[in-house]
Amino acid sequence: MNKPIPNSLRNLPDERGRFGAFGGRFVAETLMPLILELEAAYEAAKADPAFQTEFDYYMKHYVGRPSPLWFAERLTRKLGGAKIYFKRDELNHTGAHKINNCIGQILLAKRMGKTRIIAETGAGQHGVATATVAALFGLPCVIYMGAVDVERQQPNVFRMRLLGAEVVPVTSGAATLKDAMNDAMRDWVANVRDTFYIIGTAAGPHPYPAMVRDFQSVIGTEARAQMIEAEGRLPDVAIAAIGGGSNAIGLFHPMLDDEVKLIGVEAAGRGLDSGEHAASLSRGRPGVLHGNRTYLLQDADGQILEAHSISAGLDYPGIGPEHSHLHDIGRVEYVAVTDDEALEAFQLCCATEGIIPALEPAHALAHVAKIAPAMEPSQIILMNLCGRGDKDIFTVAKHLGAKL
Amino acid sequence: MSRIAATFARLKSEDRAALITFVEAFDPDRATSAALLAGMAARGADIIEIGMPFTDPMADGPTIQQAGRRALAGGATVAGTLGLVRDFRAGNDTVPLVLMGYLNPILSYGVARFTADAAAAGVDGLIVVDLPTEETDLMLADVRANGLDLIRLVAPTTSDARLPVVLKDSSGFVYYVSITGITGTRTASAADLARDIPRLRAATSLPIAVGFGVRTPEQAAIVARHADGAVVASALIDRMAAGLDDQGKASAALIATVLDDVTALAAAMRRERVTVLA
């Protein structure tokens with residue numbers, strides 16, 4: 001490991017799992033010893049070159065990394081401003097960036113001698129990625145998924161079952177992602193000795209936010225080198241969509257100390273003032289949920305509110321704690337994009353680049369479309385195209401009034 | 001002496017364990033909770049825990065999850081829960097009340113304001129499920145300044161080496177989560193308790209209460225043989241939930257049925273110690 005640079009923004013979290021005022025370990029005592037065990041195991045793995053070698057092996061030969069850096073020339077011409085590059089993590093095995101983290105965590109589970117895998121999922125992308133690695137390593141796998149999402153995302157439910165996972169519909173609360181996460185935590189509490197919980201985003205109790213970020217940083221590390229190779233310099237702007245924020249932190253973290261403007265795009269749903277959105281940073285306030293202190297959508301009495309987004313992957317009332325910190329110190333700019341703007345960008349991407357993006361990166365693209373025309377042709381925007389849109393065609397068809 | 005310390009001192013002189021019952025505040029409405037609190041104290045509950053409803057109770061099973069949802073629909077707020085405590089205290093100055101809940105509603109209310117208002121209302125102790133020892137500095141000074149007990153959860157996963165860390169800032173009593181799991185599901189056996197409780201005794205002089213999965217008078221009696229208190233929560237809530245009418249309301253007869261369960265639990269725990277003495 002490299003020695004930490006003083007004054008670097010890349011040295012967090014501290015030993016208590018804090019990113020400034022955010023993060024930490026807010027879990028019941030039953031889980032606390034497990035969290036500490038996981039932290040020790042992760043620290044040991046990080047220090048072991050064999051673990052990194054193993055991770056790199058699966059990234060290259062199973063996931064298909066490095067993912068390409070693509071100059072989106074027709075889109076650039078169409079928008080008429082800055083040069084736009086896509087980091088194409090939608091080309092990974094299973095079609096999104098989620099697999100990077102799942103490979104890392106299951107390798108750690110194996111090291112720790114755990115024999116059973118659990119995970120939560122919203123749209124099903126993380127569930128599919130987890131079921132995939134569980135099948136690859138021959139471990140039984142239980143995926144918690146809100147009953148409402150099970151109904152909305154039948155193709156992914158079927159994929160998970162094909163991969164051998166048991167999909168448990170969650171009926172508690174509002175029966176969506178946050179409730180699935182609650183039930184996964186409850187399963188973990190009840191099966192602490194043999195079970196490894198693969199959290200899908202850079203949130204949860206320490207060490208999850210740091211661990212997920214580290215595994216996803218393969219995105220930013222590659223993109224940084226590819227930008228230098230393609231353009232001889234870093235981009236002016238790097239931009240990514242944010243639900244929990246794992247693809248964004250993966251892109252941003254290797255560039256935190258660079259002179260690159262970083263922009264995170266939250267889901268504004270039906271509008272930031274509609275009460276139906278998932279913009280924790282734009283419209284939430286700090287609180288504690290799912291093991292960490294972070295910005296949350298909550299009412300005046302501290303009860304958690306339901307999030308809304310056309311993109312199920314952004315439909316979460318919290319955000320990873322490192323994003324909360326980067327927001328408060330002003331290192332990253334966080335903006336929000338509505339369902340309608342994302343749908344428009346989705347179609348723009350299909351038409352100009354021949355790429356059907358997931359609705360999550362379509363949010364990032366919608367913001368690219370807003371800022372690129374006002375930038376100079378000599379400037380560069382790097383966008384994380386973190387998932388492909390095959391999973392979203394039913395949702396998009398419905399919104400466009402098409403019958404499938 | 002605090003109400004909690006006084007209660008355990010008195011029970012020690014009577015050679016019996018505490019019956020600790022549970023009411024989810026505002027489940028399904030304020031009047032029902034008020035009636036249950038007063039009734040439980042009259043029927044032999046030695047300490048009462050009041051659940052503070054939260055949308056995302058991660059350590060709780062379906063029973064308390066649903067109770068929380070009914071309570072929030074019934075208008076539960078932090079201020080409302082403290083109001084319930086004030087009303088109970090107006091009629092009862094001896095039975096200790098312990099608020100049990102999750103951190104976020106407390107943070108939202110403000111830690112300093114919450115601990116001050118809770119103490120003023122007549123709360124004796126706090127159990128904050130998702131505030132482990134490692135994060136206690138967030139509340140400890142305010143809890144102490146207001147004379148409240150911070151009651152800690154200890155779990156079967158808590159190692160001997162970790163026990164002193166967990167118990168360092170705890171007071172009142174120790175809440176032993178007797179199973180690895182969520183509330184109201186599995187039940188610890190007598191053998192489990194015979195193995196686990198001495199491990200705790202070696203690490204603390206505080207009274208030890210056992211909760212999570214204690215449902216029947218028989219189970220409460222077994223707990224009374226090993227520990228200083230038994231917490232019964234989900235079983236009482238289940239009794240009420242099963243009898244709610246079509247509008248989700250609890251009738252006076254239903255409340256009486258729940259209180260009859262409290263009477264039976266109190267009697268079983270008293271008999272248990274008498275049997276041991278004989």
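Letters A, B, ... mirror the listed sequences (proteins, then strands); counts begin at 1.
- Residue with the most contacts toward chain A among B/Pro62, B/Gly68, B/Ala155: B/Ala155 (heavy-atom pairs, distance under 4.5 Å).
- Residues A/Gly302 and B/Ser108 approach most closely at N-OG, 3.2 Å, considering heavy atoms.
- In terms of heavy atoms, A/Gln298 sits closest to B/Asn104 at OE1-ND2, 2.9 Å.
- When the heavy atoms of residues 127-143 of chain B are compared with those of chain A, the residues falling under 4.5 Å are B/Val129, B/Asp130, B/Leu131, B/Pro132, B/Glu134, B/Glu135, B/Asp137, B/Leu138, listed by number.
- Annotation: side chain of A/Ile304 is in contact with side chain of B/Phe54 (closest heavy-atom distance under 4.5 Å).
- Residue contact with chain A, scored on non-hydrogen atoms closer than 4.5 Å, is absent for B/Ile106.
- Proximity of a side-chain donor or acceptor of B/Arg69 to a complementary backbone N or O of A/Ser172 within less than 3.5 Å is not detected.
- Not one N or O on the side chain of A/Asn182 forms a donor-acceptor pair closer than 3.5 Å with the backbone of B/Met58.
- Across A/Asp179, A/Val189, A/Leu296, the residue that shares the most heavy-atom pairs under 4.5 angstrom with chain B is A/Val189.
- In this structure a side-chain-to-backbone donor-acceptor pair under 3.5 Å is missing from B/Thr158 to A/Pro33.
- Open room surrounds CZ on B/Arg239; 12 or fewer heavy atoms of other groups in view lie less than 6.0 Å from it.
- Checking side-chain atoms of A/Glu29 against main-chain N and O of B/Val154 turns up no donor-acceptor pair under 3.5 Å.
- Between chain B and the options A/Leu31, A/Val288, A/Leu36, A/Asp187, the largest number of non-hydrogen pairs under 4.5 Å is found for A/Val288.
- B/Ser159 does not touch chain A: none of its heavy atoms, backbone or side chain, sits under 4.5 Å away.
- Of the atoms belonging to B/Val177, it is side-chain heavy atoms, and not backbone ones, that fall under 4.5 Å from chain A.
- Annotation for B/Pro156 and A/Arg193: closest pair O-NH2, 4.3 Å, computed over non-hydrogen atoms.
- A donor-acceptor contact shorter than 3.5 Å links the side chain of B/Thr157 to the backbone of A/Thr30.
- If you tally non-hydrogen atom pairs under 4.5 Å between each of A/Lys178, A/Met185, A/Met181, A/His290 and chain B, the highest count goes to A/Lys178.
- Here the CG atom belonging to B/Leu107 is positioned 9.5 Å from the CZ atom belonging to A/Arg285, to the nearest 0.5 angstrom.
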